[in-house]
S.K.: 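Quick one: structure below, then a few questions.
Along the sequence shown, residues are numbered consecutively beginning with 1. All values below were derived from every heavy atom in this structure, side-chain atoms included, with hydrogens, water molecules and symmetry-related copies excluded.
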Amino acid sequence: MYCNAGVTLPKLLPDSADAEIDRLLDVNVKGPLYAARHAVPIMLGQASRGVILFTASKTGLVAQSDSPVYCASKGAIVILAKALALDYAARGIRVNALCPGIIDTPMLHRFADAMPDPAAAWTAYGAAQPMGRLGTPEECAAAALWLVSSDASFVTGVALPVDGGFTAM
């Protein structure tokens, strides 16, 4: 099962309305929790068991400013993956979290376009990465495919950063 959903809330905590917080936690935390709760019994009933992969974020590993609720939600997913990995490793289910950094996606383009100087924002996104560029969806997909493949059959409970070295700083 690959659980890849998320919404953002780029606001300081006092500026975040209850409804915004509830929506973010519903999508980013409750969605993966309920998906896993449903998937685990099905996987346990199969001979080959399975793999659960969650998309978390680099912000589940290191905080960023101006998004505390988002960071908390992605941190919850990292710990969820680790906890489920411990609960089900001996029963043949592997559980991991993919932690993308700043990736060149339509959502990132929308964020940049909303800035006072979109071109400067776009340049800053790439410059903030140790590798000096943004990641691609294809790079995230390759990491995800590896995590769910038999090549990663001894990998469980991992939060894998795909972030151009950002979490190494």
S.K.: Using every non-hydrogen atom in the two residues, find where K30 and D26 come nearest and quote the distance to one decimal.
M.R.: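 In this case the closest contact between K30 and D26 is CD-OD1, 3.2 Å.
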S.K.: Could you state whether L80 and L44 fall into the same hydrophobic cluster, counting links through intermediate Ile, Leu, Val, Met, Phe, Trp or Tyr residues with side-chain heavy atoms under 4.5 angstrom apart?
M.R.: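 L80 and L44: one cluster.
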S.K.: V69 and side-chain contact (heavy atoms from CB on, under 4.5 Å): which partner among I21, N28, T8?
M.R.: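 So the option named by the test is I21.
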S.K.: Starting at OG1 of T59, measure out to CD1 of I77 and round the result to the nearest 0.5 Å.
M.R.: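 The distance works out to 11.0 Å.
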S.K.: If you look at every heavy atom in G60 and V78, which pair is closest and at what distance?
M.R.: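 Between these two residues, the closest heavy atoms are O-CG2, 3.9 Å.
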S.K.: What about L86 and I79, same hydrophobic cluster or not, with Ile/Leu/Val/Met/Phe/Trp/Tyr joined at side-chain heavy-atom distances under 4.5 Å?
M.R.: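 Cluster IDs for L86 and I79 differ.
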S.K.: Can you tell me how far CZ of F54 sits from NZ of K82, rounded to the nearest 0.5 angstrom?
M.R.: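 Spacing of NZ (K82) from CZ (F54) equals 13.0 Å.
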S.K.: Indicate, with yes or no, if V148 and Y2 share a hydrophobic cluster defined by side-chain heavy-atom contacts under 4.5 Å among Ile, Leu, Val, Met, Phe, Trp and Tyr.
M.R.: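 Y2 and V148: one cluster.
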S.K.: Examine L53 and M1 and state if one hydrophobic cluster contains both, with Ile, Leu, Val, Met, Phe, Trp and Tyr joined whenever side-chain heavy atoms are less than 4.5 Å apart.
M.R.: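 As far as the 4.5 Å side-chain criterion goes, M1 and L53 are not connected within one cluster.
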S.K.: Same cluster for V62 and Y70 if Ile/Leu/Val/Met/Phe/Trp/Tyr side chains link at under 4.5 Å?
M.R.: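 Unlinked, V62 and Y70 end up in two clusters.
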S.K.: With a 4.5 Å heavy-atom cut-off, do I102 and K58 have their side chains touching?
M.R.: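 Yes; the side chains approach each other to less than 4.5 Å.
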S.K.: How close do K11 and S16 get, heavy atom to heavy atom, and via which atoms?
M.R.: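 That closest heavy-atom pairing would be CB-OG, 3.6 Å.
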S.K.: If a pair satisfies ring pair (Phe, Tyr, Trp, His ring centres under 6.0 Å) and one of its residues is in residues 77-113, list it, with sequence neighbours excluded.
M.R.: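 Ring pair (Phe, Tyr, Trp, His ring centres under 6.0 Å) check on residues 77-113 returns H109-W122.
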S.K.: May I ask you to test the I52-V40 pair for a side-chain heavy-atom distance under 4.5 Å?
M.R.: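 With C-beta onward as the side chain, the pair touches.
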S.K.: Which pair of heavy atoms, one from L98 and one from A144, lies closest together, and at what distance?
M.R.: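 Closest approach of L98 to A144, heavy atoms only: CD2-CB, 4.0 Å.
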S.K.: If I take atom CG from residue L160 and atom SG from residue C99, how far apart are they, to the nearest 0.5 angstrom?
M.R.: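 It comes to 7.5 Å.
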S.K.: Would you say CG of D117 has more than 12 non-hydrogen atoms from neighbouring residues, nucleotides or ligands within 6.0 angstrom?
M.R.: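 Atom CG in D117 is packed in, count exceeds 12.
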S.K.: R94 side chain to L147 main-chain N or O, any donor-acceptor pair under 3.5 Å?
M.R.: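 Yes: the side chain of R94 pairs with the backbone of L147.
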S.K.: Does any non-hydrogen side-chain atom of R91 lie less than 4.5 Å from one of M43?
M.R.: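 They are not in side-chain contact.
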S.K.: If you count the non-hydrogen atoms of other residues, nucleotides and ligands that lie under 6.0 Å from CZ in R49, is the total more than 12?
M.R.: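 Enclosed: over 12 neighbouring heavy atoms sit under 6.0 Å from CZ of R49.
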S.K.: Name the one of I103, D113, L134 that satisfies side-chain contact (heavy atoms from CB on, under 4.5 Å) with L108?
M.R.: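 Of all the options given, the one that passes is L134.
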S.K.: With rounding to the nearest 0.5 Å, note down the distance linking CG in D66 to CG in L13.
M.R.: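 It comes to 12.0 Å.
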S.K.: Verify side-chain contact (heavy atoms from CB on, under 4.5 Å) between D104 and T136, making sure each step is shown before the conclusion.
M.R.: CA-CA 5 Å; D104 185 349; T136 68; 5.6 Å; no
S.K.: To the nearest 0.5 Å, what is the distance between OG on S67 and NZ on K74?
M.R.: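 So the gap between those two atoms works out to 12.0 Å.
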S.K.: Strictly distance-based, threshold 3.5 Å: is any side-chain N or O of R23 a donor or acceptor partner for the main-chain N or O of V7?
M.R.: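 A pair under 3.5 Å: no.
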S.K.: Any sub-3.5 Å donor-acceptor pair from N96's side-chain atoms to V158's backbone N or O?
M.R.: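 Yes; judged by distance alone, with no hydrogens or angles, the pair exists.
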S.K.: About how many Å separate CZ of F166 and CG of L61, when rounded to the nearest 0.5 Å?
M.R.: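 The distance works out to 11.0 Å.
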S.K.: Would you check if the side chain of S73 reaches a backbone N or O of L25 as a donor-acceptor pair within less than 3.5 Å?
M.R.: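 The answer is no, because no donor-acceptor pair under 3.5 Å joins these two groups.
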S.K.: Okay, side chain of S153, backbone of S149: is any donor-acceptor separation there less than 3.5 Å?
M.R.: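 Pair absent, no side-chain N/O of S153 close to backbone of S149.
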S.K.: Sort out for me which residue in N4, D163, V162 forms a side-chain contact (heavy atoms from CB on, under 4.5 Å) with C140.
M.R.: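 Only match with C140 under side-chain contact (heavy atoms from CB on, under 4.5 Å): V162.
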